[in-house]
Amino acid sequence: DGCDATGTVDDPGPDDIRDAFAWVQQGDLAGDLDDSRVGLMGHSAGAQSIASVGTEDTRFQAVLMLGGADAVSRDVPAAVIDGSCDGVIEPSVTLNAALASTNAQHARIKDAGHQAFSDICALDLPALAAQYLEDRTDLNTPFYQLALGLAEDGCPTAVPDVTDVCSGSYLDLETAAEILRASATWFFDQHLRNSGDGLQPDEYVELTVTTGG
């Protein structure tokens, strides 16, 4: 009750990210973290938000975008990781964002869908939506249908929409999560700790890496 279900076009993400960073610098964690070595990581619309912040704000030294992307025009290390079976944001869009960035890599996880980068599949959002949203009079129907598709894309019970490049089913979420954790660690170790060689596609047969920008 009280939530606006009509849809929104304004992205609060960039301001929220800056507010969160100010909290880190001034709150209970102040003095415990090195705020001169900070990276950004975001998924889907969040990936687009951090692309904006990473372009404009020099306080951030690395930008990792997952299942979504915009070009990062500042000369800051960036990477885009997408899934070959993403039916929400086309893989060509994320690849082009990496290629249009000043200093970015692009990586792709074979047979991963949009939600391979989160744990949202465990929530069974379509069932929750049917229970709480379908009878509302303020529901933005096109946005609602888009959101339902987004909530299932990549989940093990769903069928991939991008059938021409998929194996018929999504990559299991445990494998996708392992690849994501390793890739994020490699990327941030390289660019925030000056340690390691960055993304390592030879470690996983499902992961391919290209250099863009």
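When a residue number appears, it is its place in the shown sequence, counting from 1. Scope of the values below: all heavy atoms of this structure, side chains included, with no hydrogens, waters or symmetry mates.
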| query | Hey, are the side chains of E206 and D111 touching, using non-hydrogen atoms and a 4.5 Å cut-off? | reply | no
| query | Quick one: does S52's side chain have a donor or acceptor within less than 3.5 Å of a partner on Q48's backbone? | reply | no
| More than 12 heavy atoms from other groups under 6.0 Å of CG on D34 | yes
| field | Cluster companions of V205 among Ile, Leu, Val, Met, Phe, Trp, Tyr (side-chain spacing under 4.5 Å) | value | none
| said: Do L33 and W23 land in one hydrophobic cluster if side-chain heavy atoms of ILVMFWY residues count as linked below 4.5 Å? | reply: yes
| Near E90 CD, under 6.0 Å, is it more than 12 heavy atoms from other residues, nucleotides or ligands? | no
| G68 backbone acceptor or donor facing S44 side chain under 3.5 Å | no
| Can you pull the disulfide bond (SG atoms under 2.5 Å apart) pairs that have at least one residue in residues 80-121, sequence neighbours excluded? | C85-C166, C121-C155
| field | Single-linkage hydrophobic cluster L40~M65, side-chain heavy atoms < 4.5 angstrom | value | yes
| task | Return yes if some donor-acceptor pair links the side-chain N/O of R37 with the main-chain N/O of Q61 below 3.5 Å, else return no. | result | no
| query | Is the side chain of T102 donor-acceptor paired with the backbone N or O of D75 at a distance under 3.5 Å, no angle test? | reply | no
| message | Quick check: is L66 connected to I109 through a chain of hydrophobic side chains (ILVMFWY, heavy atoms under 4.5 Å apart)? | response | yes
| Residue that, paired with D86, satisfies side-chain hydrogen bond (donor to acceptor under 3.5 Å, both in side chains) out of Q115, H114, R108 | H114
